[in-house]
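Notes follow once the structure below has been shown.
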Amino acid sequence: MRVPLEWLHEYCAPPLDAAAVAERLAMTGTEVERIEPHGVTALENFVVGKVLAANKHPNADRLSVCIVDIGDGDPSQIVCGAPNVAAGQTVAVAKPGAVMPDGSILKQAKLRGVHSNGMILAEDELAIGTEHAGIMVLSEDGLQPGMPLRNVLPISTDVLVLEITPNRPDCLGIYGVAREVHAATGAALSPPPWAQAPGSPGDLDEFKLTVECPDLCPRFTARIFDDVQIKPSPPWLKARLMAAGQRPISNVVDITNYVMLLTAQPLHAFDLDRIAGAQLTVRRARQGEQVDTLDGQTRTLDEDMVLIADAEGPTSIAGVMGGARSEVQADTHRVLMEVANWNGPNIHRTSLKLGLRSEASTRFEKQLQPEQALEAQAVATQLMIELCDARVREGTIDAGGPGPPPKTIRLRDAKINMLLGAPVPRERSREILEALEFTTIDAADGLDVQPPAFRRADITREADVIEEVARLDGLDKLPATLPSRHGASGRLTARQRLRRRAADALVAQGLHEIVGWSFVGPELPQRLRLNPEPPAVELENPMSIEQSRLRTTLLGSLLDLARHNLAHGTGTLRLFEAGAVYLPTAEGPLPREPHHIAALLIGPVRPATWRDPAPGAADFFAAKGVLQGLLDALRTPWDVQVAAEPFLHPGRAARILIEGSAVGWLGEIHPLVAAAWEIGQTVAAFELDLDAVAVPPTPLYEDVTSFPEVREDLAVVVPDTVAAAQVLEVVRKSGAPLLASAEVFDVYRNPDSLGEGNVSLAVRLVYRAPDRTLTDDEVAAQRGAIAAALAGELGGRVRAS
Amino acid sequence: VAELPPEQRGAVGRAANEARRELEQAIEQREQELSAHELQARLAEDRVDVTLPADPLPQNGRLHLITQTRREIEDVFIGLGFNVAEGPEVETVYYNFDALNHARTHPARLLTDTFYVKPTEDILDPNAVLLRVHTSPMQVRAMEGEPPPMYIIVPGRVYRPDSDATHTPQFHQIEGLAVDTDITLGDLQGTLLAFARAIFGEEREVRMRPHFFPFTEPSVEVDVSCFNCNQGITADGRRCPLCKGTAWIEILGAGMVDPNVFEYVREYGYDAEKVQGFAFGMGIERIAMLKHGVPDLRVLYDNDVRFLEQF
């Protein structure tokens with residue numbers, strides 16, 4: 001909403017500059033986006049001039065050399081290009097030094113060899129109109145050469161660009177903003193522009209109006225104007241429209257726009273002679289009914305849309321846009337001025353469905369009040385008489401009438417204190433509310449207040465009234481206290497602590513956290529060689545096809561960002577991401593959103609140094625090491641088994657198991673997948689459903705220091721087909737109860753000494769008892785049990801050490 | 001010695017013992033000398049160029065700046081007695097708009113302002129599915145789950161179709177909700193003052209400006225005093241670029257929970273005549289950018305390692 005100060009000041013003119021008004025508005029609830037200067041500056045250089053002579057330019061057919069009295073003794077010579085310039089005219093003149101609306105400074109100039117000492121102005125050069133073909137000729141009344149132009153025309157004003165919140169459609173008009181400025185600053189408020197109300201109530205017999213759907217059209221008013229002279233609007237009105245951001249067109253259309261900008265109430269002018277049958281019907285459209293709108297389009301309506309029809313069919317889409325057939329034209333003589341009130345949600349729906357938004361629909365959809373219709377009708381009537389030389393006919397069509405009285409609300413003094421945390425004296429509340437045009441009546445515990453009709457929809461509850469009091473009394477008066485809490489206490493849940501610990505464990509291993517997009521493109525499954533594609537959440541209105549679905553894996557964003565960083569010269573990548581993936585389910589409309597954590601490694605496992613200039617590249621086991629660091633930090637026992645994922649290297653892929661359930665994958669990315677991201681190196685990665693990791697139980701004390709442990713190494717030869725994990729499982733089971741731990745520390749293959757298809761695993765065993773020092777015999781017995789189990793269960797053979 | 005006459009045995013034996021002791025001492029001394037010498041030689045050989053670069057143990061990585069900021073904010077509010085709750089990012093129209101008192105005509109519902117999930121026939125259908133545009137839906141879900149008193153913050157991802165230097169289609173918010181018998185607007189101010197001082201420094205002040213949000217009444221926008229300047233002027237006399245010379249920086253929207261929102265959860269123990277509360281919502285990225293001087297939101301999502309390593 002653009003509010004030219006020049007216009008605002010007609011109704012409320014606090015002794016403050018634009019910035020100070022903006023500050024007061026901002027601190028009382030009306031957001032000011034910015035303050036914009038509109039029009040020209042260096043105003044002392046804009047004056048009224050009188051053309052004494054206008055002669056043809058010696059060297060240019062289209063230019064005139066004018067002698068212009070600008071009131072300072074010597075007349076000025078000004079070269080003018082307008083065809084309509086003539087001696088005797090009173091004109092607007094810019095002198096050298098003038099600053100034009102685009103910021104350029106006018107200088108003395110030589111035009112085709114003739115000196116020009118200024119410029120005779122057209123409307124558009126002052127940004128007070130759009131007329132460019134000819135200069136502006138001012139009426140002579142009381143104007144003297146040399147008079148400051150700013151006293152004659154609104155050539156310069158600051159414009160407050162306001163953000164009007166959706167609850168305040170009354171502030172979508174200048175007078176509504178003036179009310180706020182009045183309440184916020186205490187400056188006097190002039191009577192409303194509709195205080196003078198020419199025109200009369202009563203029947204308008206010559207015209208027939210039928211409203212078939214009063215639920216969607218609470219009020220419809222119309223007046224008829226005869227002898228309308230269509231012509232340009234006067235400069236003051238054009239200037240205000242321009243400053244408010246509207247292009248002037250002709251007086252009748254300009255009046256509808258001007259009155260809307262002033263009162264917030266949209267209007268529509270019909271050419272009465274183009275309304276077939278001198279009748280209008282407001283009704284729901286028939287399914288598929290069509291209207292040709294003012295913008296030259298044909299619109300197809302449905303049964304929930306309201307249209308205005310004459311004897312020949314639809315002429316307008318109610319509250320949204322007028323029809324081409326009945327619009328005011330240059331030859332219009334009789335005007336039917338329609339000012340109506342519509343059901344906001346219905347207009348909103350229509351506008352949405354048709355994809356058609358207008359100044360009118362954006363106001364109506366916020367729900368204007370029926371009283372506003374007749375207010376706008378009154379202002380329009382004044383202007384039709386004044387600017388179009390029109391006669392208003394007796395009578396006013398008024399279907400629906402004013403709305404019900406606004407609700408009376410009890411404002412309790414105690415409730416103010418309770419909600420704000422500080423009391424507001426009752427008299428202060430009354431003063432604020434009356435400045436906002438509420439009526440107040442004393443009650444036992446506060447005030448009974450009634451909002452004005454134009455706030456009927458916004459103010460319905462005590463909290464709404466308290467907000468009015470609070471915002472104008474000043475929020476800066478409120479204390480800064482803390483809630484008493486009543487014993488409530490705050491903490492992270494065990495699950496939230498686990499998530500933090502998981503991220504910290506990866507950071508501690510040198511990984512950087514990234515935050516990728518939840519959005520993915522439809523081609524991702526194919527790039528990951530996933531077939532069939534996993535079901536994904538798809539968006540109706542994505543910003544682009546690459547962002548049209550939600551991710552089902554974190555791998556896509558990790559690969560995207562790996563590629564980005566590789567392309568920007570970072571050769572070693574250790575990245576992880578933690579966050580939701582989105583998995584559609586059959587159970588309900590919302591997907592499951594498990595919290596995953598995934599890591600990706602590319603390049604050397606350690607930074608190269610002068611001592612180790614070429615550390616090995618991260619591979620399967622590097623990723624497994626990171627996974628181990630993560631799950632150890634979470635104190636979660638885990639395991640892996642051979643698995644096949646289409647996006648992983650077929651020989652270097654594993655499933656992550658926790659208590660036997662698959663919770664993720666681990667492996668090297670398939671070279672074809674890496675290639676799809678233009679990555680030629682080994683990419684090692686894993687992804688884990690962190691929600692599948694249980695919060696670990698509290699660890700309990702075990703005595704591991706009072707008695708020494710016994711360590712020994714065991715070499716086991718097993719067939720190549722036996723996995724290390726199987727060997728360890730047998731060792732651990734058969735090593736109970738004395739075996740405290742067993743880890744593989746070497747793998748040896750030699751067909752000559754071990755036999756074809758065999759592998760030797762070196763296992764480090766640690767024995768311990770909590771209550772005694774173990775004897776050699778005890779350890780030997782346990783070792784024997786282990787060797788027997790390996791032989792019996794796996795066909796393994798313990799090598800002599 | 002055994003072959004000597006007995007009278008000589010003592011003297012010779014003593015002398016021999018002494019000679020042996022001396023010999024042993026000499027040998028030991030020599031050994032020590034040699035060993036010291038050897039050590040010295042070895043140490044001399046082990047000499048390194050101490051100016052060569054270090055060979056450090058593996059270095060820590062970094063949490064993303066958004067996560068660091070999120071944790072910092074969470075910890076401040078945990079200290080103020082709030083719990084941390086999380087809710088679904090894919091939401092229904094009911095929780096995202098309806099139960100938060102958004103009029104059916106509220107422009108945020110439009111396809112231009114909200115991502116809807118296929119298939120959506122009617123964006124006004126309460127069961128239609130969307131990507132939440134704020135963390136506020138969790139206000140209602142939390143109140144459905146537990147009676148008052150309720151003190152929670154809700155961090156999480158949110159989505160809006162917007163993309164420029166200050167908007168990304170995905171970003172992070174932290175919602176706050178305090179509902180009790182006697183929560184006041186003054187309590188909101190005090191809570192946010194404590195937050196602002198913890199995050200931006202002990203000298204900070206906050207101010208509340210009236211505003212409008214569908215789910216709070218009264219509603220406010222909250223500014224924090226600029227930490228980059230003095231009354232809008234920087235140390236070198238220029239207009240402060242951070243607060244644009246206004247001395248205040250907007251950080252969040254807030255207000256007292258609208259009675260209509262309580263109406264949706266009345267059956268769970270939230271009677272608007274008996275309880276009242278405040279709610280607020282802030283953008284984590286915005287707090288991070290302000291605090292660390294990050295000029296463009298999008299670099300947070302570029303995830304360039306050189307950027308990540310700075311924090």
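All of these numbers come straight from a predicted model, not from anything done at the bench. Note on naming: letters A, B, ... go to the chains in the order of the sequence lines (proteins, then strands), and numbering restarts at 1 for each one.
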Whatever's closer than 4.5 Å to a heavy atom in chain B on Ile347(A) counts as neither

- Would you call Arg204(B) and Asp223(B) a salt bridge, taking side-chain N to carboxylate O under 4.0 Å as the test? no

(request) Look at Arg471(A) together with Glu467(A) and state whether they make a salt bridge at an N to O cut-off of under 4.0 Å. (result) no

Under 4.5 Å to a heavy atom of chain A? For Asp162(B) that would be backbone

Honestly, the part of Pro542(A) sitting under 4.5 Å from a heavy atom of chain B is backbone

Whatever's closer than 4.5 Å to a heavy atom in chain A on Arg157(B) counts as side chain

Cut-off 4.5 Å, heavy atoms of chain A, and the answer for Ala85(B) is backbone

Cut-off 4.5 Å, heavy atoms of chain B, and the answer for Glu538(A) is both

Whatever's closer than 4.5 Å to a heavy atom in chain B on Leu420(A) counts as both

Okay, Leu472(A) and chain B: the region with an atom under 4.5 Å from a heavy atom over there is neither

For this output row, return yes or no: ring centroids of Phe576(A) and His512(A) closer than 6.0 angstrom.
no

Applying a strict 4.5 Å limit to non-hydrogen atoms, the region of Val206(B) in contact with chain A is neither

Cut-off 4.5 Å, heavy atoms of chain A, and the answer for Gln59(B) is backbone

message: Take a 6.0 Å sphere around NZ of Lys477(A) and say whether it holds more than 12 heavy atoms from other residues, nucleotides or ligands.
response: yes

Applying a strict 4.5 Å limit to non-hydrogen atoms, the region of Trp610(A) in contact with chain B is side chain

Cut-off 4.5 Å, heavy atoms of chain A, and the answer for Ser219(B) is both

Chain B shares the most heavy-atom pairs under 4.5 Å, among Gln496(A), Glu468(A), His568(A), with Gln496(A)

| task | Report the C-alpha distance between Glu285(B) and Tyr301(B) in whole Å, list the side-chain angles of each, state the deciding distance to 0.1 Å, and finish with yes or no for side-chain hydrogen bond (donor to acceptor under 3.5 Å, both in side chains). | result | CA-CA 10 Å; Glu285(B) 283 88 342; Tyr301(B) 287 97; 2.5 Å; yes

Cut-off 4.5 Å, heavy atoms of chain A, and the answer for Ile123(B) is side chain

The interface call for Val84(B) against chain A, heavy-atom contacts under 4.5 Å, is both

Honestly, the part of Arg349(A) sitting under 4.5 Å from a heavy atom of chain B is neither

Should the heavy atoms of other residues, nucleotides or ligands under 6.0 Å from CZ of Arg141(B) be counted, would the total exceed 12? yes

Applying a strict 4.5 Å limit to non-hydrogen atoms, the region of Glu221(B) in contact with chain A is side chain

Under 4.5 Å to a heavy atom of chain B? For Asp476(A) that would be neither

Between Phe280(B) and the options Phe77(B), Phe195(B), Phe213(B), the ring-ring contact (aromatic ring centres under 6.0 Å, His included) test singles out Phe77(B)

If one checks every heavy atom of Val537(A) against chain B at 4.5 Å, the contacting part turns out to be side chain

The interface call for Asp304(B) against chain A, heavy-atom contacts under 4.5 Å, is both

Okay, Ile183(B) and chain A: the region with an atom under 4.5 Å from a heavy atom over there is both

